Amino acid sequence: MLRYEVAAEDLVRSRFALSPAFELANLLRLLDRGGERSLPPGWRERLRPAFLRLRADPAVRAALALHNEKFGADFIAIPPRGMDQTWADDLAAILAAPPELARAEIARCLAARPDTDGPARAVLAAPDAVRQVAGALDRTWHALLARDWPQLRALCERDVVHRAGELGQRGWAAALAGLHENVRWRDGGIDVPPFDAATTYPLRGAGLLLVPSVFVWPNVAAHHDEPWPCTLIYPARGISALWEPGAAVPPDALAALLGRSRARILAALDTPASTTQLARSLHQTPGAVADHLAVLRAAGLLSRARAGRSVLYRRTPMGDALIGSAGLD
């Protein structure tokens with residue numbers, strides 16, 4: 001069992017971040033090696049043909065060889081700095097990897113993947129291996145994930161809004177509630193699901209980096225060695241909407257009363273969200289969402305409050321009652 005020991009100062013120094021590179025790595029692993037975990041319905045069928053075309057490129061196979069079931073190369077697993085992390089940030093960090101570090105990690109990964117084919121090994125042995133791997137990852141990002149990233153980012157952002165509020169107002173136990181069935185707050189520390197050995201890592205006032213993820217589901221991931229700070233990567237709240245897309249479609253009666261777009265927005269606000277987050281997750285324009293929010297708020301179904309730079313909307317008790325009567329709660 002891995003355990004993070006938390007001191008009082010860690011509460012104010014803990015932070016949230018998003019990691020496009022981590023999401024891409026997990027998506028590639030799921031497409032490449034399959035296994036028990038699955039992708040949301042329709043994703044494998046939609047992405048697999050493009051993935052197989054990409055995999056014909058030795059540079060892409062070289063990038064895939066840098067991950068295995070237990071670890072991956074650090075130079076392509078970039079610790080995110082904050083909530084504004086972009087794929088361009090991750091790509092620049094990969095390209096800036098020190099050559100000596102990259103060569104050492106490539107050798108370690110190849111030892112764990114002895115089945116790596118000759119052309120892929122040739123890419124990893126080349127003087128410009130880092131550049132070739134970075135280019136391959138960039139192609140996979142734009143072919144497989146870039147289109148869906150705004151929706152996935154919105155899901156993760158909404159999780160952060162919820163957990164940051166719980167952490168600040170009610171402490172660690174409330175913030176960790178529902179994060180994962182096996183992650184819990186106990187006696188001044190955070191217990192994480194079993195690893196190879198029981199190990200304790202004091203945060204020592206540096207706080208914990210919390211990273212919501214889509215493709216880590218149904219597991220969690222933890223980092224505690226350089227270059228990562230102590231980090232917990234966990235399934236974001238609301239990702240069930242990806243695995244059960246039909247659940248987000250409002251009943252006909254509610255759609256007839258409010259209009260289908262407004263009913264979808266009201267149903268989506270089970271947790272507070274901004275106009276931009278709703279637009280990303282529902283694939284609507286921000287202007288259209290703003291108009292619908294104004295109507296729902298005027299009807300007494302929503303309230304709004306400022307949180308930092310964002311204005312967050314949430315259902316009122318009347319809105320909850322309407323959703324409950326429609327069977328969407």
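Note that the coordinates shown come from a computational prediction; the quantities given were computed from them, not determined experimentally. Computed from heavy atoms alone, side chains included, the values below leave out hydrogens, waters and symmetry copies.
Here the side chains of Leu282 and Val289 are not in contact, with every heavy-atom distance at 4.5 Å or above. When side chains are defined from C-beta on, Leu144 counts as touching Leu54, because their heavy atoms get closer than 4.5 Å. You'll find the side chain of Ile265 stays beyond 4.5 Å of the side chain of Tyr313, heavy atoms only. Within the 4.5 Å cutoff, no side-chain heavy atoms of Arg46 are placed close to those of Leu39. Between Phe75 and Ile106, the closest side-chain pair of non-hydrogen atoms falls below 4.5 Å. Contact of the Leu18 side chain with the Pro80 side chain is not registered, since no non-hydrogen atoms from C-beta on lie closer than 4.5 Å.
In terms of the side-chain contact (heavy atoms from CB on, under 4.5 Å) criterion, residue partners of Pro272 (sequence neighbours excluded) are, by chain and number, Val161, Leu312, Arg314. Every residue two or more places apart in sequence or in another chain was checked for a side-chain contact (heavy atoms from CB on, under 4.5 Å) with Ala177, and none qualifies.
Pairing each heavy atom of Ala273 with each of Arg158, the nearest pair is CB-NE, 3.3 Å. Of all the heavy atoms in Arg280 and Ala154, the pair that sits closest is CB-CB, 3.6 Å. Closest non-hydrogen pair, Thr316 versus Ser303, comes out as CG2-N, 3.6 Å. Across every non-hydrogen atom of Pro227 and Pro79, the tightest pair is O-CG, 3.6 Å. Across all their heavy atoms, Leu66 and Cys109 have their closest contact at O-SG, 3.6 Å. The heavy-atom pair separating Ser213 from Phe22 by the smallest distance is OG-CE2, 3.8 Å.
Within the structure, side-chain hydrogen bond (donor to acceptor under 3.5 Å, both in side chains) contacts touching residues 49-64 (residues at least two apart or in different chains) are Asp32-Arg55, Asp57-Arg139, Arg61-Asp117. Legend: side-chain hydrogen bond (donor to acceptor under 3.5 Å, both in side chains) pairs involving residues 222-233, not counting sequence neighbours, sorted by first then second residue: Tyr201-His224.
Both Leu254 and Met318 are part of a single hydrophobic cluster, where members link through side-chain heavy atoms under 4.5 Å apart. Clustering ILVMFWY residues whenever any of their side-chain heavy atoms sit less than 4.5 angstrom apart, transitively, puts Val123 in a cluster other than the one holding Leu110. Under the 4.5 Å side-chain heavy-atom criterion for grouping Ile, Leu, Val, Met, Phe, Trp and Tyr, Val12 is not connected to Phe16 through any hydrophobic cluster. Both Leu31 and Leu52 are assigned to one and the same hydrophobic cluster, defined by single-linkage of ILVMFWY side chains at heavy-atom distances under 4.5 Å. Note: the hydrophobic cluster containing Phe71 does not contain Ile233 (ILVMFWY, side chain heavy atoms under 4.5 Å, direct or indirect links).
Only one option out of Leu293, Val295, Leu266 pairs with Leu301 in a side-chain contact (heavy atoms from CB on, under 4.5 Å); it is Leu266.
In this structure, CG on Asn26 lies 9.0 Å from CG on Asn219, to the nearest 0.5 angstrom. We find the CG-CG distance between Leu137 and Leu64 to be 8.5 Å, quoted to the nearest 0.5 Å. We find the CZ-CG distance between Arg315 and Asp320 to be 5.0 Å, quoted to the nearest 0.5 Å. Going from atom NE2 of His162 over to atom CG of Leu167 covers 11.0 Å, rounded to the nearest 0.5 Å. Expressed to the nearest 0.5 Å, how far CH2 of Trp141 lies from CD of Glu23 amounts to 8.5 Å. Separating the CZ atom in Phe215 from the CG atom in Leu28 is a distance of 10.0 Å, to the nearest 0.5 Å.
Within a 6.0 Å radius of CZ in Arg186, more than 12 heavy atoms belonging to other residues, nucleotides or ligands are found. The local environment of CZ in Arg121 is crowded, with over 12 non-hydrogen atoms from other residues, nucleotides or ligands closer than 6.0 Å. Counting non-hydrogen atoms of neighbouring residues, nucleotides and ligands closer than 6.0 angstrom, the CZ atom of Arg13 reaches no more than 12 such neighbours. The number of heavy-atom neighbours closer than 6.0 Å to CZ of Arg170, taken from other residues, nucleotides and ligands shown, is 12 or below.
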Query raised in the report: When you look at Arg3 and Asp187, which way does the side chain to side chain contact (heavy atoms under 4.5 Å, CB included) test go after all the steps?
Result: CA-CA 11 Å; Arg3 178 174 169 83; Asp187 299 332; 4.0 Å; yes

Requested in this report: With side chain to side chain contact (heavy atoms under 4.5 Å, CB included) as the test, would you mind laying out the steps for Asp74 and Leu101 before giving the verdict?
Outcome: CA-CA 9 Å; Asp74 286 336; Leu101 171 66; 5.6 Å; no

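Comment: Arg153 engages Glu157 in a salt bridge, judged by a side-chain N to carboxylate O separation of less than 4.0 angstrom.
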Show me the donor-acceptor pairs, under 3.5 Å and distance only, between side chains in residues 87-96 and residues at least two apart or in other chains.
{"from": "Trp87", "atom 1": "NE1", "to": "Asp138", "atom 2": "OD1", "distance (Å)": "2.8"}
{"from": "Asp89", "atom 1": "OD2", "to": "Thr86", "atom 2": "N", "distance (Å)": "3.0"}
{"from": "Asp89", "atom 1": "OD2", "to": "Thr86", "atom 2": "OG1", "distance (Å)": "3.1"}
{"from": "Asp90", "atom 1": "OD1", "to": "Gln85", "atom 2": "NE2", "distance (Å)": "2.8"}
{"from": "Asp90", "atom 1": "OD2", "to": "Ala21", "atom 2": "N", "distance (Å)": "2.9"}

Donor-acceptor pairs under 3.5 Å, side chain of residues 203-212 to any protein atom, not counting sequence neighbours: which ones?
none

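For Trp172 and Tyr4, the ring centers sit 6.0 Å or farther from each other.
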